[in-house]
Amino acid sequence: MMSRQASQFHCTAETVPPVAGAYVLLVRLTEAVDVTLPGRTKVILPPGRYLYCGSAHGPGGLRARVGRHMRRDKSIRWHIDRLTAAGTVTGCWIFPTGDECALVARLAALSVPVPGFGSSDRTVCRSHLLAWPGAVALPFDVADVFPAAAGPDVARVLSVAAMTDTVDFTPAERDLIRREFMSRWSEPPRLADGILLKRWATGPRKGEPKLPATVQSLLERGLVKIAETDQGFPRAHFTAAGYAALRALAASPRHLPPERYGHLIDELARRPEEC
């Protein structure tokens with residue numbers, strides 16, 4: 001097991017030692033990015049968090065390599081440059097004397113959004129880019145990535161959302177949430193009740209939940225899970241990662257106007273952060 005010191009999270013390149021080794025870069029995309037590798041079909045990366053495993057053995061070692069990743073004024077030389085130029089490098093974990101492919105192997109539980117990304121010169125790695133949903137634990141220390149917060153009130157919801165690195169909802173997902181949870185009656189809808197789904201009435205999938213494209217997107221990114229209710233109706237319930245994204249949504253009056261969705265903001269403020 002790698003030690004806490006070996007897996008320390010660095011927010012800036014200045015704190016990274018100038019030694020050879022491997023690293024895991026944390027990149028956040030707030031907008032979708034098109035990625036096309038030579039000889040492969042174009043892949044559209046949705047907004048979210050991504051991990052990139054790399055190594056550095058040249059002059060300046062890890063500090064120089066991570067510093068380049070964090071700069072925006074650079075030429076597009078490697079696959080990862082496309083992402084770091086479009087998104088934000090939140091920081092990295094460094095592993096002196098480590099190996100990038102060994103890190104990929106340790107992160108095998110994560111999905112590969114672009115096969116061959118950053119690993120065209122390697123035969124053992126499926127990809128050096130991995131998607132990191134908020135509900136999935138990593139095999140090394142992530143405590144420094146998520147700041148602590150206290151006080152179960154609306155200010156806590158907004159401040160945690162502003163500081164915490166979460167997976168963002170796409171525009172279509174935001175529209176779905178606003179439609180589903182808009183207050184239309186005396187009893188406003190609750191996030192805890194989830195999104196009501198229909199069932200297939202005929203065909204080979206008869207009786208199974210019918211998933212609209214937007215709900216399918218939420219499910220694939222780990223933001224909801226499908227469950228049956230006591231009334232026999234399927235619903236899409238938000239996961240821990242989904243609630244983290246909802247808190248980020250509540251931090252934006254433009255995306256979730258308080259005058260229309262104050263009941264959702266209040267519900268998030270009452271809900272324990274770890275749920």
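- With a 4.5 Å cut-off on side-chain heavy atoms, Tyr52 and Thr84 do not count as touching.
- Taking all atoms of both residues into account, the shortest heavy-atom contact from Cys53 to Val24 is SG-CG2, 4.1 Å.
- Of the possible donor and acceptor atoms, none in the side chain of Arg28 sits under 3.5 Å from a partner among the backbone N and O of Arg49.
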Subject >> Worked check of side chain to side chain donor-acceptor pair (under 3.5 Å) between His263 and Ser183 >> reply: CA-CA 8 Å; His263 59 291; Ser183 182; 4.9 Å; no
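- The nearest pair of heavy atoms linking Glu173 to Ser217 is OE2-OG, 2.6 Å.
- Closest non-hydrogen pair, Leu264 versus Pro189, comes out as CD2-O, 3.9 Å.
- The closest side-chain heavy-atom distance from Val89 to Leu26 is not below 4.5 Å.
- Classification of the His69-Tyr23 ring pair by plane angle, with boundaries at 30° and 60°, yields tilted.
- Geometrically, Arg271 engages Tyr243 in a cation-pi contact, judged by NZ or CZ lying under 6.0 Å from the ring centre and within 45° of the ring axis.
- With a 6.0 Å cutoff to the six-membered ring centre and a 45° limit on the axis angle, Lys210 counts as a cation-pi contact of Trp200.
- Checking side-chain atoms of Arg65 against main-chain N and O of Ala56 turns up no donor-acceptor pair under 3.5 Å.
- Using a 4.5 Å cut-off on side-chain heavy atoms (C-beta onward), Ser111 and Leu130 make no contact.
- Taking NZ of Lys225 as the reference point, atom OG1 of Thr239 lies at 7.5 Å (rounded to 0.5 Å).
- The two residues Val27 and Leu83 make their nearest non-hydrogen contact at CG1-O, 4.1 Å.
- Side-chain N or O atoms of Glu267 include one that pairs as donor or acceptor with a backbone N or O of Leu191 at under 3.5 Å.
- Residues Trp132 and Leu107 are not in side-chain contact: their nearest non-hydrogen atoms beyond the backbone lie 4.5 Å or more apart.
- With sequence neighbours excluded, the residues that form a side-chain contact (heavy atoms from CB on, under 4.5 Å) with Leu196 are Phe233, Arg235.
- When hydrophobic clusters are built by joining Ile, Leu, Val, Met, Phe, Trp and Tyr residues whose side-chain heavy atoms come closer than 4.5 Å, directly or via intermediates, Val104 is not grouped with Leu51.
- For Arg126 against Leu110, the heavy-atom pair with the smallest separation is NH2-O, 3.2 Å.
- The line from OG1 of Thr88 to CG of Leu29 is 8.5 Å long, rounded to the nearest 0.5 Å.
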**OP:** Decide yes or no on ring-ring contact (aromatic ring centres under 6.0 Å, His included) for Phe117 and His79, but give the supporting numbers first.
**Re:** CA-CA 6 Å; Phe117 188 100; His79 296 160; 5.4 Å; yes
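- Annotation: the span from Asp266 atom CG to Arg190 atom CZ amounts to 13.5 Å, rounded to 0.5 Å.
- The side-chain heavy atoms of Leu103 and Trp93, taken from C-beta on, include no pair separated by under 4.5 Å.
- In this structure, Val19 is a member of the same hydrophobic cluster as Met70, with clusters built from ILVMFWY side-chain heavy atoms closer than 4.5 Å.
- Hydrophobic clustering of Ile, Leu, Val, Met, Phe, Trp and Tyr side chains at less than 4.5 Å, counting indirect connections, unites Phe238 with Tyr261.
- Checked by atom type and distance alone, the side chain of His255 never pairs as donor or acceptor with a backbone atom of Leu249 at under 3.5 Å.
- Considering only heavy atoms from C-beta on, Leu197 comes within 4.5 Å of Pro212 through its side chain.
- Heavy-atom neighbours of Glu208 CD from other residues, nucleotides or ligands within 6.0 Å: above the threshold of 12.
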**OP:** Starting from the C-alpha separation in whole Å, work towards a yes-or-no answer on side chain to side chain contact (heavy atoms under 4.5 Å, CB included) for Thr214 and Asp175.
**Re:** CA-CA 10 Å; Thr214 307; Asp175 288 343; over 6 Å; no
**OP:** Go through Asp34 and Val43 one step at a time and tell me if the side chain to side chain contact (heavy atoms under 4.5 Å, CB included) criterion holds.
**Re:** CA-CA 6 Å; Asp34 295 351; Val43 176; over 6 Å; no
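- Two residues are said to be in side-chain contact when any heavy atoms from C-beta on lie closer than 4.5 Å; Ile44 and Val35 fail this criterion.
- Residue Arg260 qualifies as open at atom CZ: its count of foreign heavy atoms under 6.0 Å is 12 or below.
- Under the 4.5 Å side-chain criterion, counting only non-hydrogen atoms from C-beta, Thr12 is not in contact with Val66.
- Checked against side-chain contact (heavy atoms from CB on, under 4.5 Å), Arg68 has the following partners two or more places apart in sequence or in another chain: Arg71, Lys74, Ser75, Arg77, Trp78, Asp81.
- Under a 3.5 Å cut-off, the side chain of Ser127 and the backbone N or O of Val112 do not form any donor-acceptor pair.
- Between the CG atom of Leu45 and the CZ atom of Arg82 there is a distance of 9.0 Å, given to the nearest 0.5 Å.
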Subject >> Test side chain to side chain contact (heavy atoms under 4.5 Å, CB included) applied to Leu246 and Phe169, step by step >> reply: CA-CA 8 Å; Leu246 286 167; Phe169 293 116; 3.8 Å; yes
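- Contact record, Thr170 with Pro47: CG2-CD, 4.0 Å, taken as the closest heavy-atom pair.
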